[in-house]
Amino acid sequence: MDGNWVLDEIAQHVDVNTLEAISSITIPTYTQTADHSTWVGSGNGKFSISAAYDLINKEDTDLKGWKWFWKLEIPEKLKTFIWLILHNSLPTNQLRARRGIATSDLCPRCNTCSENIKHLFRECNKAKELWSNIPMSHLMRGDLDTPNHVRMSLNLRSDSNIKLNTDGCWYETNGRGGFGGLFRDHKGDWIMGFYGMRYFSSSLEAEIWSIYKGLEIILDRKPTNVTIESDSLTAVNLIMEGNPSHHPQSVLINEAHHIMA
């Protein structure tokens, strides 16, 4: 067993969203965990009347009116720019051509691919060149060393000190979320990073998953004297303690704890 779902055999029986949700369920790789029932309405996986009441009366968190977004304390032009990106309304050539106000959907910088948002910011060779010339260490240094980040240390066999900062986010309305992390050396300079998107059941799972993926990289590459920083004290405590028998994320927690041990 390699820790992955055989999705080809499942795909013919479920829709795409269900398939993605199934693929996000962690299969034990390093530990053996028996199946058990858990209550998703509470943080510890145990049923209680108060947790059931809170679940029934939970306020709808859909981003109605985007009021939360427009209250962000950032420049107005940046809000507008982000809003256009999130709504896929940035006037790229692909969008302009679809609306009949451009004769070609090609990227004007590389002239090889259709210019959509993903190409504009990430896939175009000019974009890649721009990102590669940005001194990431100056952008990142300091911002991640705030008191809100909880530390846990690994000593795996060592040469120089390495720091891993992780973070995760979750959108409750559709269950999708993001995770990522970056490794820096003792001077704060960029070494490598990782990121991704998947289904999560909570923001806590996104935080734990971010730490777990960072631990897998550490296990594979075997650096030494690694300090991991996360802004989720709950995630850190669960991983450090391990074996949360009825927790909804018990498999994932135990996998991360096993790597830490």
Side-chain angles (χ1 to χ4, degrees), residues 7 11 14-24 58-140 143-144 146 148 165-182 190 192-207 209-210 213 231-232:
L7 296 179
V14 298
D15 58 40
V16 174
N17 291 334
T18 302
L19 188 66
E20 289 188 17
I22 292 173
S23 67
S24 69
K58 189 191 310 184
E59 181 180 357
D60 183 8
T61 57
D62 192 12
L63 303 180
K64 295 177 180 177
W66 287 72
K67 292 182 180 179
W68 67 276
F69 178 77
W70 299 112
K71 291 180 180 179
L72 293 176
E73 295 182 3
I74 58 176
E76 291 299 322
K77 61 181 180 181
L78 184 56
K79 291 180 185 178
T80 302
F81 183 65
I82 295 174
W83 188 89
L84 288 172
I85 293 175
L86 293 176
H87 285 77
N88 199 30
S89 298
L90 201 65
T92 61
N93 274 351
Q94 185 184 79
L95 180 63
R96 294 171 67 241
R98 191 163 63 237
R99 293 179 176 176
I101 54 178
T103 57
S104 172
D105 68 347
L106 287 179
C107 171
R109 284 159 295 281
C110 67
N111 289 311
T112 58
C113 298
S114 177
E115 186 196 46
N116 54 29
I117 291 177
K118 188 176 181 180
H119 177 83
L120 174 63
F121 290 106
R122 178 181 171 186
E123 296 179 343
C124 180
N125 289 332
K126 295 295 184 181
K128 292 178 180 178
E129 181 181 343
L130 174 64
W131 287 117
S132 66
N133 289 325
I134 294 178
M136 298 298 291
S137 61
H138 296 297
L139 290 177
M140 301 296 183
D143 294 340
L144 297 172
T146 65
N148 293 328
N165 291 94
T166 67
D167 200 7
C169 62
W170 175 61
Y171 183 26
E172 186 174 5
T173 301
N174 61 15
R176 292 182 178 272
F179 64 91
L182 62 91
W190 169 280
M192 66 171 293
F194 65 91
Y195 68 95
M197 296 184 67
R198 72 196 300 268
Y199 274 92
F200 293 113
S201 61
S202 66
S203 57
L204 176 60
E205 183 185 6
E207 296 283 2
W209 183 263
S210 300
K213 298 309 289 185
D231 58 3
S232 174

Mind listing the closest non-hydrogen atom pair of Ser232 and Leu204 along with its distance? OG-CD1, 3.9 Å
How many angstroms lie between atom NZ of Lys213 and atom CZ of Phe179, to the nearest 0.5 angstrom? 6.0 Å
Strictly distance-based, threshold 3.5 Å: is any side-chain N or O of Trp170 a donor or acceptor partner for the main-chain N or O of Ala206? no
Nearest 0.5 Å, what's the CD-SG distance between Glu129 and Cys110? 12.0 Å
Atom pairs and distances, donor-acceptor, side-chain atoms in residues 113-125, under 3.5 Å, two or more places apart:
| unit_1 | atom_1 | unit_2 | atom_2 | d |
| --- | --- | --- | --- | --- |
| Ser114 | OG | Gln94 | NE2 | 3.1 |
| Ser114 | OG | Asp105 | OD2 | 3.1 |
| Glu115 | OE1 | Asn93 | N | 2.7 |
| Glu115 | OE2 | Arg109 | NH2 | 2.2 |
| Asn116 | OD1 | Lys118 | N | 3.3 |
| Asn116 | OD1 | His119 | N | 2.7 |
| Arg122 | NE | Tyr195 | OH | 3.3 |
| Arg122 | NH1 | Tyr195 | OH | 3.2 |
| Arg122 | NH2 | Tyr195 | OH | 2.8 |

Atom CG in Leu90, atom OG1 in Thr80: separation rounded to 0.5 Å? 11.5 Å
Gap between atom OG1 of Thr18 and atom OH of Tyr199 - 0.5 Å precision: 8.0 Å
Run the numbers on Met192 and Leu182 for side-chain contact (heavy atoms from CB on, under 4.5 Å), then give the verdict. CA-CA 6 Å; Met192 66 171 293; Leu182 62 91; over 6 Å; no
Value rounded to 0.5 Å, distance of SG in Cys169 from CE in Met197: 7.5 Å
